[in-house]
Amino acid sequence: MNIQYSDALVIGGGLAGLRAAIEVAKSGQSVTLLSICPVKRSHSAAVQGGMQASLGNGAKGEGDNEDLHFADTVKGSDWGCDQEVARMFAQTAPKAVRELAAWGVPWTRVTKGPRTVVINAQKTVIEEKEEAHGLINARDFGGTKKWRTCYIADATGHCMLYGVANEAIKHQVKIIDRMEAVRIIHDGKKCLGVIARDLTNGQLIAYIARGTMIATGGYGRIYKQTTNAVICEGTGAAIALETGLCRLSNMEAVQFHPTPIVPSGILLTEGCRGDGGILRDVDGYRFMPDYEPEKKELASRDVVSRRMMEHIRKGKGVKSPYGDHLWLDISILGRAHVEKNLRDVQDICKTFNGIDPADEGPKGWAPVLPMQHYSMGGIRTKPTGESQWLDGLFACGEAACWDMHGFNRLGGNSCAETVVAGMIIGDYFAQYCKNNGEVVDTNIVKEFLSKEYQYLKSLVDKEGKYNVFEIKNRMKEIMWDKVAIFRTGEGLKEAVDELEKLYKDSQDVKVHCKELDCANPELEEAYRVPRMLKIALCVAYGALLRTESRGAHYREDYPKRDDLNWMKRTNTYWVEGETLPRVEYEELDIMKMEMPPAFRGYGAKGNIIENPLSEKRQAEVDAIREKMEAEGKSRYEIQDALMPYELQAKFKKPNQRIGVDYE
């Protein structure tokens with residue numbers, strides 16, 4: 001029986017897990033981090049465009065602050081987020097980006113004087129102030145009032161990941177890669193650690209800690225078309241689900257990115273459109289202004305993705321052997337800009353499609369089509385990052401439903417969330433581990449190890465009827481065909497029924513390689529695919545029951561956002577032995593919101609079934625604000641009166657900005 005002990009255990013080697021591990025290590029505690037791949041190859045490296053933080057350094061970010069970032073985040077979520085968490089996030093983000101700079105992350109900087117940018121497809125000259133020279137720069141992204149997405153050309157995630165990973169090594173975080181968590185150890189009330197499987201030799205190891213954090217990323221690989229890496233299969237969330245205690249929230253909220261390249265599905269960053277690139281149809285016509293005249297290509301991702309598919313439905317797509325697509329034109333930015341700020345995009349286009357996007361005219365246009373990109377849903381946590389249902393289990397990053405994104409996230413907010421949540425939740429996690437040191441009953445650990453070994457042995461011993469790879473591929477097709485951008489009750493019901501059957505079939509698969517004590521990819525699929533199907537069923541079943549359209553969840557048979565009946569968060573949980581998840585709901589309290597639900601700014605007004613509490617709460621907010629402004633109160637005092645929120649003092653303190661200092 002192999003048991004390893006540490007003060008804190010982190011599952012997942014991306015930005016969120018590494019940043020949280022650093023926070024614990026800084027407190028003087030021992031930290032073990034398990035990663036399914038080498039940490040510097042984590043999916044966080046795929047982030048291209050940047051991370052949002054309201055620094056307000058550049059000319060187009062002037063006047064930005066936490067209030068504006070918070071408001072954009074709430075609107076972007078289509079009023080599905082936890083507004084207190086959105087406040088925590090917006091307040092801490094500037095500190096996070098500056099901390100990364102101190103760790104050696106080479107942010108693109110402001111250069112004083114005039115520079116040419118492309119805004120609304122027109123070249124425009126802006127003047128950068130002398131006092132901003134050398135400060136961290138920001139580009140435009142969808143759904144924001146200011147340019148606040150801090151970036152490093154289009155290799156932001158790669159550079160951030162190396163900086164954070166190096167800092168983790170500096171703080172002596174014990175990193176063990178090619179190690180997969182396959183079961184959470186618990187006593188029915190408290191998480192004790194995990195059973196992990198060494199992917200190189202098949203050995204099972206129990207990792208025991210005072211506190212355990214899951215930071216394993218999203219579940220995009222349940223879809224046929226996705227920008228996610230092959231490791232993003234949602235199994236971290238699935239092992240939490242399999243405790244029977246933890247809830248997964250808002251799983252039906254799945255984001256589709258407008259501009260993955262066809263056919264590989266590799267992402268072309270939102271920075272392409274943020275820097276001024278435009279979308280064109282089969283005729284070369286720029287169509288987005290017809291649908292969204294104000295924000296155009298820089299509407300929220302869910303909106304742009306739907307408009308693109310709507311335009312293709314009208315017969316305006318470009319025919320190809322891989323289906324219809326549209327064009328992304330960044331050649332209008334000029335070769336110098338592309339080769340400096342979008343060189344990774346240029347390399348992707350050259351390598352996978354044989355085109356140079358800096359070439360002027362149609363020969364440089366990149367074929368794009370919306371594909372699955374991000375998971376707003378995940379392991380439901382308190383604002384501290386801890387599960388409400390299992391003590392000692394924390395979650396962070398895309399694996400968690402913290403819940404700052406609600407039903408749609410803004411570009412740049414997830415990259416920011418990884419390090420911001422890593423700071424905030426990592427600090428709460430460190431405090432928990434320091435204050436909770438109960439002795440673990442090794443009999444419980446031994447029982448979990450034994451059960452896991454017997455389960456894996458049963459998989460290789462069974463002469464099942466079904467092929468696990470065929471089941472997996474069929475699941476992906478169902479999700480893409482029936483639980484994607486446009487959803488209907490009929491299609492979702494079919495999806496749930498088919499997925500449930502596939503889940504039953506997945507219990508009877510044949511594994512041809514019978515070895516346990518070695519690398520066995522077929523065995524890995526045999527235990528992962530049932531978990532992926534559980535995740536897929538949470539998504540599809542939650543989408544079937546939610547009879548409204550909100551953010552990325554769009555029901556063609558229920559096209560209105562229904563604030564009267566659906567101002568609530570979906571919580572799904574799984575009872576062992578059953579073949580469908582159970583669903584319960586968590587009400588969102590409008591009367592406690594700083595920003596009560598309103599028109600989001602896209603499409604036609606009146607597409608909302610309003611809740612009378614929204615108008616009542618807005619009147620309260622307006623009255624408080626008007627009174628306090630007349631009294632000369634600061635924006636911090638006003639905000640605290642409208643919606644107080646808890647945040648560690650070191651993160652809640654005011655942020656410095658040029659021109660306004662610590663206002």
Side-chain angles (χ1 to χ4, degrees), residues 7-27 29 31-34 42 44 51 53 73 81-97 99-100 160 164 167-168 171 173 184 191 209-218 236-237 240 246-250 375-405 409 413-436 645-652:
D7 294 325
L9 176 64
V10 177
I11 313 299
L15 282 170
L18 285 165
R19 183 61 191 83
I22 291 167
E23 202 66 27
V24 181
K26 282 161 55 178
S27 72
Q29 301 180 82
V31 189
T32 298
L33 184 147
L34 308 181
S42 155
S44 295
M51 69 169 277
T73 299
C81 73
D82 183 327
Q83 293 192 16
E84 292 182 31
V85 169
R87 268 291 175 193
M88 296 166 70
F89 164 74
Q91 186 66 28
T92 310
K95 300 174 181 67
V97 73
E99 178 182 70
L100 290 171
M160 289 173 64
V164 175
E167 193 71 12
H171 283 89
V173 173
I184 290 174
C191 175
R210 296 177 175 189
T212 301
M213 174 177 287
I214 294 179
T216 51
C246 297
R247 269 59 169 170
L248 305 185
S249 289
N250 289 353
S375 315
M376 275 76 74
I379 302 166
R380 181 71 182 126
T381 73
K382 305 171 189 176
T384 60
E386 188 179 7
S387 168
Q388 291 101 321
W389 296 278
L390 189 60
D391 290 349
L393 182 69
F394 288 70
C396 190
E398 193 174 351
C401 183
W402 189 25
D403 165 33
M404 61 162 282
H405 300 303
R409 78 159 173 88
N413 259 4
S414 67
C415 178
E417 183 198 15
T418 59
V419 288
V420 172
M423 292 168 72
I424 296 170
I425 294 174
D427 186 68
Y428 284 124
F429 183 50
Q431 293 174 36
Y432 179 91
C433 293
K434 185 168 285 188
N435 297 329
N436 290 270
Y645 66 97
E646 295 294 324
L647 181 62
Q648 299 97 320
K650 60 184 176 181
F651 301 136
K652 199 168 187 178

Interatomic spacing from CZ in F651 to CD in Q91 - rounded to 0.5 Å: 11.5 Å
Side-chain polar contacts of residues 378-389 - donor-acceptor pairs under 3.5 angstrom, sequence neighbours left out - could you list them?
from: R380; atom 1: NE; to: E586; atom 2: OE1; distance (Å): 3.2
from: R380; atom 1: NH1; to: C401; atom 2: O; distance (Å): 3.1
from: R380; atom 1: NH1; to: W402; atom 2: O; distance (Å): 3.4
from: R380; atom 1: NH2; to: E586; atom 2: OE2; distance (Å): 3.1
from: E386; atom 1: OE2; to: G392; atom 2: N; distance (Å): 2.9
from: S387; atom 1: OG; to: W389; atom 2: N; distance (Å): 3.0
from: S387; atom 1: OG; to: L390; atom 2: N; distance (Å): 3.2

Would you indicate whether the side-chain heavy atoms of Y645 and Q83 approach each other to under 4.5 Å? no
Hey, what do you get for CE (M160) to CG (L15), rounding to the nearest 0.5 Å? 5.0 Å
Note, S249 side chain near D403 side chain (heavy atom, < 4.5 Å): no
Is there a side-chain contact between L647 and M88 (heavy atoms, below 4.5 Å)? yes
Beyond-backbone contact of V24 with D7, side-chain heavy atoms, under 4.5 angstrom: no
Should T418 and R19 count as side-chain neighbours, where that means a heavy-atom distance under 4.5 Å? no
Taking all atoms of both residues into account, what is the closest heavy-atom pair of I425 and A395, and its distance? CD1-O, 3.7 Å
Restricting to non-hydrogen atoms, name the atom on A168 and the atom on L18 that form the minimum distance, rounded to 0.1 Å. CB-CD2, 3.9 Å
For the backbone of G422 and the side chain of E23, can you confirm whether one donor and one acceptor N or O come within less than 3.5 Å of each other? no
Can you tell me how far CD of E398 sits from SG of C415, rounded to the nearest 0.5 angstrom? 11.5 Å
To the nearest 0.5 Å, what is the distance between CD1 (I22) and NE2 (H171)? 7.0 Å
Taking atom types as modelled, is there a side-chain donor on D427 or Q431 under 3.5 Å from an acceptor on the other? yes
K434 and R210: which non-hydrogen atoms are nearest, and at how many Å? O-NH1, 3.7 Å
Could you pull out the closest heavy-atom pair between G13 and S42, with the gap in Å? O-CB, 3.6 Å
Mind checking whether L100 and M51 have side chains closer than 4.5 Å, heavy atoms only? yes
Report yes if some heavy atom in the side chain of I184 is under 4.5 Å from a heavy atom in the side chain of I214; otherwise report no. yes
Could you give me the CA-CA distance, side-chain angles and deciding distance for K650 and E99, then say whether salt bridge (Lys or Arg N to Asp or Glu O under 4.0 Å) is met? CA-CA 13 Å; K650 60 184 176 181; E99 178 182 70; over 6 Å; no
Identify, with sequence neighbours excluded, every residue that meets salt bridge (Lys or Arg N to Asp or Glu O under 4.0 Å) alongside D82. none
In this structure, CZ of R87 is separated from OG1 of T73 (nearest 0.5 Å) by 10.0 Å
Nearest 0.5 Å, please: how far is CD in Q29 from CZ in F429? 8.5 Å
Please identify each residue that fulfils salt bridge (Lys or Arg N to Asp or Glu O under 4.0 Å) with R409, with sequence neighbours left out. none
Is there a side-chain contact (heavy atoms from CB on, under 4.5 Å) between L34 and L9 once you walk through the steps? CA-CA 8 Å; L34 308 181; L9 176 64; 4.0 Å; yes
Nearest heavy atoms of C396 and A16, plus distance in Å: SG-CB, 4.0 Å
Heavy atoms only: give me the nearest F89-V420 pair and the separation to one decimal. CD1-CG1, 3.7 Å
When T212, T216, L33 are each screened for side chain to side chain contact (heavy atoms under 4.5 Å, CB included) with V10, the one that passes is L33
